[in-house]
Each structure stands twice: as C-alpha cells, then as structure tokens.
Enquirer: 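Please find one structure pasted underneath; my questions will follow.
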Amino acid sequence: MEKEEKYRLLTEQVRSLIAGETDSVSVMANVSAAIHETMGFFWTGFYMVHGDELRLGPFQGSVACMHIPFGRGVCGTAWQRKETVVVPDVEAFPGHIACSSLSRSEIVVPVFNATNEVVAVLDIDSRDLNTFDEIDKKWLEDIVALLS
C-alpha cells in the first residue's frame, strides 16, 4: 500500500477513535498507537506544554526524554516557531537533543488549541535518514488538526 493511502486510512481511523472523546491523554495515547502501528516508525509520541517546557506524554517506543525546554531541540523549536519541523538528519540539526542514538530523522508537528496556542507536539522519529517528506507533513498536520 502506498504511503498516501496508508495515511488516508489512518486519518479515518483516528477520526473514529477520537470521536466524542474529551480526555486529551487518552486521545493522544490512542493516536500515537495508531500512527506507530500503521506507519511502523521508531518512536511516536506527544510532548505536552507545561509552563516553559514540554513534558513527555503518551508515546509508543523506547524510553524518551522527559523534559524539553522551549526553543530547544526539534520539539522545542517546533513549539517556538508554531510550525512543523522536518529534519532529514538529526545530527545536522543545531541543538538536537538525542533521546536515543538510534534516531536518525525526525518530524515534529505542533498541536494547537482553539486560540492558536501550542498545547503539545507530536514527535516522530525514524531509524533511517530522510524518512519524512511533504506527504508525511501534510497528513500528520491533518491528523493533529483533529485533536483541536
């Protein structure tokens, strides 16, 4: 199955999974599991905004960093910029926070509330270089928009 078709089906699955759900932690848990299982990424999860840092939320994968400061690493940068950040090679990203030496590329998508504030970020890591492209960016942004 092609990547876009996988994402299309995944988006419908997520829409069904979260319909009527109001607990954000439960929603993020199921969304991270659905993305991880469907797409087979190395690490898939959420970091939630708490004051001036991101704190680890629901995820699938190996152990992870628990606190990320505003503007630091890929996650903190996506939060600061309020935009998706795609990193083809994490070793080339200034200030990358290496939670796992196995991570080679990364995409981070901000999650916005109704007043356009970032309340969390979706962080996805791959063991391979250059995993993420405009297709991933578009569909993951669409999925994250369902959480608002």
Side-chain angles (χ1 to χ4, degrees), residues 1-19 21 23-50 53-113 118-148:
M1 184 181 311
E2 288 188 35
K3 182 162 57 170
E4 286 214 75
E5 180 64 9
K6 277 184 168 181
Y7 272 122
R8 189 187 66 72
L9 294 171
L10 173 61
T11 302
E12 291 309 311
Q13 178 188 16
V14 167
R15 191 183 322 277
S16 295
L17 274 173
I18 67 174
E21 294 298 328
D23 183 83
S24 61
V25 172
S26 297
V27 166
M28 286 187 273
N30 267 340
V31 170
S32 62
I35 294 169
H36 194 75
E37 185 174 311
T38 302
M39 303 306 292
F41 296 128
F42 172 62
W43 196 94
T44 309
F46 290 90
Y47 282 92
M48 298 177 289
V49 173
H50 288 273
E53 72 175 7
L54 294 168
R55 289 189 194 159
L56 182 62
F59 71 93
Q60 300 285 308
S62 58
V63 298
C65 299
M66 294 197 287
H67 304 272
I68 299 174
F70 181 76
R72 293 274 326 274
V74 183
C75 291
T77 299
W79 175 24
Q80 181 180 45
R81 293 181 185 169
K82 291 186 164 188
E83 66 184 29
T84 300
V85 177
V86 177
V87 181
D89 179 354
V90 295
E91 291 184 20
F93 188 86
H96 176 254
I97 300 169
C99 297
S100 169
S101 61
L102 299 176
S103 177
R104 302 296 312 276
S105 61
E106 186 171 1
I107 186 170
V108 179
V109 183
V111 179
F112 297 96
N113 65 12
V118 177
V119 294
V121 297
L122 170 62
D123 178 23
I124 303 176
D125 293 10
S126 172
R127 289 180 189 229
D128 301 315
L129 294 170
N130 300 305
T131 296
F132 305 104
D133 57 21
E134 286 299 313
I135 293 170
D136 299 283
K137 180 179 183 292
K138 179 243 185 275
W139 285 99
L140 292 169
E141 287 176 346
D142 288 353
I143 289 169
V144 162
L146 298 172
L147 308 181
S148 299

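Below, each value reflects all heavy atoms present in this structure, side chains not excepted, and no hydrogens, waters or symmetry copies.
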Enquirer: If a pair satisfies salt bridge (Lys or Arg N to Asp or Glu O under 4.0 Å) and one of its residues is in residues 139-148, list it, with sequence neighbours excluded.
Expert: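 Found Lys137-Glu141, Lys138-Asp142.
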Enquirer: How would you list, by chain and number, every residue that makes a salt bridge (charged side-chain N to carboxylate O under 4.0 Å, His left out) with Arg81, sequence neighbours excluded?
Expert: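 Arg81 satisfies salt bridge (charged side-chain N to carboxylate O under 4.0 Å, His left out) with no other residue.
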Enquirer: Tell me the disulfide (SG to SG under 2.5 Å) pairs involving residues 119-148, sequence neighbours left out?
Expert: none
Enquirer: With a 3.5 Å distance limit and no angle check, can you tell me whether Tyr47 reaches the backbone of Cys65 through a side-chain donor-acceptor pair?
Expert: yes
Enquirer: Which residues pass the salt bridge (charged side-chain N to carboxylate O under 4.0 Å, His left out) test with Asp128, sequence neighbours left out?
Expert: none
Enquirer: Applying ring pair (Phe, Tyr, Trp, His ring centres under 6.0 Å), can you list everything that pairs with Phe70, at least two apart in sequence or on another chain?
Expert: Trp79
Enquirer: Can you name the residues that form a ring pair (Phe, Tyr, Trp, His ring centres under 6.0 Å) with Phe41, not counting sequence neighbours?
Expert: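 Phe41: ring pair (Phe, Tyr, Trp, His ring centres under 6.0 Å) contacts with Phe132.
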Enquirer: Name all residues meeting the side chain to side chain donor-acceptor pair (under 3.5 Å) criterion together with Trp43; count only those two or more places apart in sequence or in a different chain, and write none if there are none.
Expert: none
Enquirer: Mind checking what makes salt bridge (charged side-chain N to carboxylate O under 4.0 Å, His left out) contact with Glu134, not counting sequence neighbours?
Expert: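 Once residues adjacent in sequence are excluded, Glu134 has no partner under the salt bridge (charged side-chain N to carboxylate O under 4.0 Å, His left out) criterion.
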Enquirer: Is there any side chain to side chain donor-acceptor pair (under 3.5 Å) pair reaching into residues 58-69, and which pairs are they, with sequence neighbours excluded?
Expert: Glu53-His67
Enquirer: Arg127: which residues meet the side chain to side chain donor-acceptor pair (under 3.5 Å) condition with it, sequence neighbours left out?
Expert: none
Enquirer: For Lys3, is there an ion pair with Asp133 - N to carboxylate O distance below 4.0 angstrom?
Expert: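 The answer is yes: the pair qualifies as a salt bridge.
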Enquirer: Run the salt bridge (charged side-chain N to carboxylate O under 4.0 Å, His left out) test against Glu2 and tell me which residues pass, sequence neighbours left out.
Expert: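 Counting only residues at least two positions away or on another chain, Glu2 forms no salt bridge (charged side-chain N to carboxylate O under 4.0 Å, His left out).
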Enquirer: How would you list all residue pairs meeting side chain to side chain donor-acceptor pair (under 3.5 Å) that involve residues 25-38, not counting sequence neighbours?
Expert: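 The answer is Asp23-Ser26, His36-Thr44.
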